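Inspection log for the structure reproduced underneath, given as C-alpha cells.
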Amino acid sequence: MTGDGLYDRIGVGYTGHRQPDPRVAAAIWTALGEARTVLNVGAGTGAYEPPDREVVAVEPSEVMIAQRPPGSAPVVRASAEALPFADSSFDAVMAVFSDHHWSDRTAGLREARRVARRRVVLLNADPGLIARYWMTVEYLTRLHELYPATVWRWDSPAWKAGLRAQLGPVDFEVVPIPHDCRDGFYPAYWRRPDAYLDPRVRQNISVFALLPERHVEDAIGRLARDLDSGAWEERHADLLALEELDVGCRVVVTRERG
C-alpha cells in the first residue's frame with residue numbers, strides 16, 4: 001500500500017460518501033464465481049465484501065479499520081506486497097479500487113496470485129479511459145502525473161498487458177456506472193458534476209489529495225464557473241439523458257485454475 005499512510009490522512013469520514021453500490025457489488029460477487037473463501041486486499045471499510053462467503057480482510061490503515069462495521073470480516077493489518085498467508089490459502093483474492101495505491105504493484109499482484117487457489121478478482125479503472133473522462137480532460141489535467149509509467153501506464157494496452165504479465169490470462173468485464181452510484185469514487189459523479197464542489201466528497205477521493213492543492217483549487221474554481229454559466233451543461237448535454245455510462249471501470253478476473 002502507499003507508504004505515506006494516505007488513507008490515515010484522507011480516510012476520516014470515508015463511509016459518509018463511499019457506500020457500496022449494489023450494482024457494482026453484483027459485478028464483483030459474480031466474478032468471484034464459486035469461491036467460498038476470499039481474501040480482500042486493501043479492504044478499507046469492507047464495502048464490497050460478500051456476506052455469504054468466508055472473508056478475511058487485509059488493510060494497513062488503522063483509520064479505515066476503525067470504520068469497519070460490527071460483524072464485518074476479521075481484518076489483518078498487513079500490506080499487499082507481503083501477504084502473511086501460505087500459498088493457495090484462499091479460493092479467491094479480491095481487491096477493489098486498491099491496487100493502484102500499492103507501493104509495489106507488481107509485488108502485490110504476484111502475492112495475490114500466490115495466495116489465490118482459484119482466481120484473482122480486481123475492480124479498478126482502465127487508465128486509458130480515465131484519461132478521457134471529462135473531469136480529467138477539462139479540469140484535472142495533471143492527473144496522469146500521479147502514476148509513473150513503471151507503476152501505472154497511462155494507456156489501456158499497457159495496463160492490460162501489465163496485468164496479464166503478473167496474473168497470467170485474465171478477462172476484462174465492463175462495469176457501467178449508474179448516474180446515482182452510491183459509491184463516490186472519482187468518475188462516479190459523471191452526471192453530477194456539482195458533487196465535486198463539495199470538499200467532503202473530494203476528501204474521500206484519493207486523486208484530490210495526491211494532486212497539488214493549487215491545481216485542485218484552480219480546477220474546482222473553473223468547474224464552478226462553468227456550472228454557473230451553463231457551459232458544462234452545454235458541452236455535456238448528452239450525458240444528462242443517460243442512466244449509466246462506461247467510465248472505465250473494469251472487473252479483472254484471472255482464468256480459473258484447475
Side-chain angles (χ1 to χ4, degrees), residues 1-19 21 24 42 44-45 47 60-61 63-64 67 96-103 105 123-156 159 177 179-236 239-240 245-249:
M1 307 296 171
T2 49
D4 63 352
L6 174 65
Y7 280 89
D8 282 335
R9 291 188 287 116
I10 74 170
V12 177
Y14 192 81
T15 55
H17 295 279
R18 298 299 300 268
Q19 292 291 320
D21 186 277
V24 176
T45 60
S61 169
V63 170
M64 300 298 279
Q67 295 177 74
V96 178
F97 296 128
S98 171
D99 62 283
H100 60 298
H101 286 310
W102 300 346
S103 59
R105 187 165 169 268
L123 175 69
N124 219 320
D126 180 326
L129 296 176
I130 288 294
R132 296 194 289 274
Y133 177 48
W134 63 260
M135 186 67 181
T136 307
V137 172
E138 299 169 20
Y139 301 101
L140 294 183
T141 56
R142 295 180 60 182
L143 183 58
H144 68 282
E145 297 176 9
L146 297 182
Y147 306 106
T150 55
V151 177
W152 179 291
R153 296 184 183 275
W154 202 247
D155 64 271
S156 301
W159 179 67
I177 301 303
H179 72 93
D180 57 350
C181 184
R182 293 181 62 194
D183 190 352
F185 50 86
Y186 175 50
Y189 298 105
W190 59 268
R191 211 184 86 173
R192 296 171 287 168
D194 55 306
Y196 291 118
L197 306 184
D198 187 339
R200 295 169 299 177
V201 168
R202 299 197 304 274
Q203 167 69 22
N204 294 298
I205 300 175
S206 61
V207 298
F208 289 105
L210 293 169
L211 285 167
E213 184 176 355
R214 182 173 297 180
H215 179 59
V216 171
E217 291 175 353
D218 175 71
I220 296 303
R222 287 186 290 110
L223 175 59
R225 291 191 293 273
D226 285 351
L227 290 172
D228 286 342
S229 70
W232 185 93
E233 184 173 353
E234 183 178 351
R235 286 198 303 271
H236 300 290
L239 296 182
L240 301 178
L245 184 69
D246 178 4
V247 294
C249 291

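The model shown is predicted, which means the values in this text are computed figures rather than measured ones. Throughout, numbering of the chain's residues begins at 1 and tracks the sequence.
Atom CG of Leu140 sits about 4.5 Å away from atom OH of Tyr186, to the nearest 0.5 Å. Expressed to the nearest 0.5 Å, how far CG of Leu143 lies from CE of Met135 amounts to 9.5 Å. Of the inter-residue distances, the one linking Ile130 atom CD1 with Trp159 atom CH2 reads 10.0 Å to the nearest 0.5 angstrom. Atom OG of Ser61 and atom CD of Gln67 lie 8.0 Å apart (nearest 0.5 Å). Separation of atoms CD1 (Ile205) and CG (Leu211) is listed at 11.5 Å; rounding is to 0.5 Å. Put simply, CG on Leu210 and NE2 on His101 are 6.5 Å apart, with the number rounded to the nearest 0.5 Å.
Between Tyr139 and Tyr196, the ring center distance fails the sub-6.0 Å criterion.
Between Leu123 and Val24, some side-chain heavy-atom pair lies under the 4.5 Å cut-off. Looking at Ile220 and Leu197, their side chains come closer than 4.5 Å, going by heavy atoms from C-beta outward. Within the 4.5 Å cutoff, the side chain of Thr141 has heavy atoms near those of the His215 side chain. Side-chain contact between Ile177 and Phe185 is present, with heavy atoms from C-beta onward closer than 4.5 Å. Residues Ser98 and Val96 fail the side-chain proximity criterion, which asks for heavy atoms closer than 4.5 Å.
Nearest heavy-atom pair across Trp134 and Pro193 is CH2-CB, 3.6 Å. Residues Ala195 and Tyr189 share a closest heavy-atom pair of CB-CD2, 3.3 Å. Of all the heavy atoms in Arg192 and Cys181, the pair that sits closest is NH2-O, 3.1 Å.
For Ala231, the side chain to side chain contact (heavy atoms under 4.5 Å, CB included) partners are Asp226, Ser229, Arg235, not counting sequence neighbours. His179 is linked by a side chain to side chain contact (heavy atoms under 4.5 Å, CB included) to Trp190, Arg191, Glu243, counting only residues two or more places apart in sequence or in another chain. Here Asp218 pairs with Arg222 under the side chain to side chain contact (heavy atoms under 4.5 Å, CB included) rule; sequence neighbours left out.
Under the 3.5 Å distance criterion, the side-chain polar atoms of Asn204 are matched with a main-chain donor or acceptor of Arg200. Side chain of Arg132 to backbone of Val137: no donor-acceptor contact under 3.5 angstrom is found.
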